[in-house]
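One structure below.
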Number of protein chains: 2
Amino acid sequence: MHAELQIDNQICFRLYSAARLVTQSYTPMLNALGITYPQYLVLMVLWEKDCQPVNDIAHRLLLETNTVTPLLQRMEKQGTIKRKKGEQDKRQHIVSLTEKGKALEQKAYELIPTGMGEQMAACPLKLKDYQNLARELDSIINTLKK
Amino acid sequence: MHAELQIDNQICFRLYSAARLVTQSYTPMLNALGITYPQYLVLMVLWEKDCQPVNDIAHRLLLETNTVTPLLQRMEKQGTIKRKKGEQDKRQHIVSLTEKGKALEQKAYELIPTGMGEQMAACPLKLKDYQNLARELDSIINTLKK
DNA sequence: TAACAATATATCGCACACGATATTATTTTT
DNA sequence: AAAAATAATATCGTGTGCGATATATTGTTA
């Protein structure tokens with residue numbers, strides 16, 4: 001038995017599990033909004049800056065377009081975003097929010113911070129711990145992203 | 001624009017991205033072993049203790065059986081594990097390593113710590129940072145797991 | 001300017017995750 | 001002990017992620 005290969009010694013397994021569990025804990029609130037977690041990420045990107053090409057959204061989320069394109073297609077079908085051909089560059093598809101997509105921002109603001117706060121209430125981490133966590137994760141992300 | 005809904009302010013997005021990027025950085029080594037990351041997790045669980053029912057593996061990985069069952073079916077097809085009906089409890093399926101599955105431990109030990117070390121070499125985090133990160137992630141996991 | 005390379009997006013196939021439901025065996029209750 | 005509840009696993013459908021490839025448009029180069 002190699003200690004290096006024990007699952008409890010692995011940062012990676014902790015990341016994998018923590019990411020899944022946190023995403024799961026968003027689910028009740030996101031269900032109330034009728035969206036999934038990756039769709040919520042796309043909406044956050046567009047709430048911050050509307051009308052972006054597919055590539056910019058993908059870069060922001062550190063995803064490939066072969067993940068983002070079908071995601072956007074599903075969102076368009078659900079009516080939260082719309083896409084139109086770029087005018088200068090006809091290869092681009094510019095993604096923008098519909099009224100429904102814009103309206104979800106206020107609902108998300110009402111549901112999600114409160115809902116997550118409740119679920120994390122029992123967590124012993126303090127503000128400083130979350131700040132450290134953010135810095136550590138940013139180091140890993142910056143080391144590994146292309 | 002609600003600051004709470006900005007993607008850069010979210011621990012969740014950092015977790016989601018870091019988990020994907022770290023898993024991606026395992027991929028070259030895992031490809032050399034002919035397995036995927038979730039399959040590697042199952043193997044680590046079995047390297048630690050062979051012959052376990054599906055439920056124990058699922059609990060260990062914080063996954064549901066509807067994720068683990070197809071994963072094990074694919075692994076059985078690839079010849080790294082085998083399954084047999086439980087003898088005391090005939091509802092159970094006991095999962096065990098094949099010779100091929102056992103042999104992968106040594107290959108993993110030779111490839112993975114070195115390979116990950118190289119990819120993380122430029123990361124500014126020190127041992128103490130990784131220890132803090134592990135503690136913080138464990139707090140989140142323990143708060144959210146059922 | 002015609003050929004070629006690069007860019008933006010899409011399509012395809014496969015392997016997860018996970019909610020919902022089904023199936024089989026065991027345990028508990030009546 | 002027969003019926004009901006529970007437990008262990010499997011099946012099904014949908015939505016990601018991602019490697020590989022295709023298509024359309026733009027930029028570059030001989």
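In what follows, every heavy atom counts, from backbone to side chain, and hydrogens, waters and symmetry copies are set aside.
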Distance in angstrom units between [X] [atom1] and [N] [atom2], rounded:
X: B:Asn55; N: D:dT6; atom1: CG; atom2: P; answer: 17 Å
X: A:Gln24; N: C:dA20; atom1: CD; atom2: C1'; answer: 15 Å
X: B:Leu144; N: C:dA17; atom1: CG; atom2: C1'; answer: 17 Å
X: B:Phe13; N: D:dG17; atom1: CZ; atom2: P; answer: 11 Å
X: A:Lys146; N: D:dG19; atom1: NZ; atom2: C1'; answer: 12 Å
X: A:Leu62; N: D:dC18; atom1: CG; atom2: C1'; answer: 14 Å
X: A:Gln52; N: C:dT9; atom1: CD; atom2: P; answer: 11 Å
X: B:Glu64; N: D:dA8; atom1: CD; atom2: P; answer: 13 Å

Next on the checklist: Using a 4.0 Å cut-off on heavy atoms, which residues in residues 25-45 of chain B reach DNA chain D? List them by number, or say none.
Outcome noted: none

Checklist entry - For A:Leu62, does its backbone N or O pair with a side-chain atom of B:Arg20 as donor and acceptor, under 3.5 Å? => result yes

Next on the checklist: Given 3.5 Å as the limit, does a donor-acceptor pair link the side chain of B:Thr98 with the main chain of B:Gly79, or not?
Outcome noted: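 Side chain of B:Thr98 to backbone of B:Gly79, a donor-acceptor pair under 3.5 Å: yes, one is there.
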
What closest approach, in Å, do [X] and [Y] show between heavy atoms, and which atom pair accounts for it?
X: B:Gln39; Y: B:Gly34; value: OE1-O, 4.4 Å
X: B:Tyr26; Y: A:Gln10; value: OH-OE1, 3.1 Å
X: B:Arg14; Y: B:Asp8; value: NH1-O, 3.0 Å
X: B:Trp47; Y: B:Gly101; value: NE1-O, 3.0 Å

Checklist entry - What's the spacing between A:Ile94 CD1 and A:Gln88 CD if we round to 0.5 Å? => result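 The CD1 atom of A:Ile94 sits 6.5 Å away from the CD atom of A:Gln88.
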
Checklist entry - About how many Å separate CG of A:Leu72 and CD1 of A:Ile57, when rounded to the nearest 0.5 Å? => result 5.5 Å

Checklist entry - 5'-most contact on DNA chain C: A:Val54 or A:Arg20, nearest heavy atom basis? => result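 On the 5' side of the pair lies A:Val54.
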
Next on the checklist: Please give me every residue in residues 65-98 of chain A whose heavy atoms get under 4.0 Å of an atom in DNA chain C, ordered by residue number.
Outcome noted: A:Thr65, A:Asn66, A:Thr69, A:Gln73, A:Arg83, A:Arg91, A:Gln92, A:His93

Checklist entry - Charged N to carboxylate O under 4.0 angstrom, B:Glu110 versus B:Lys107? => result no

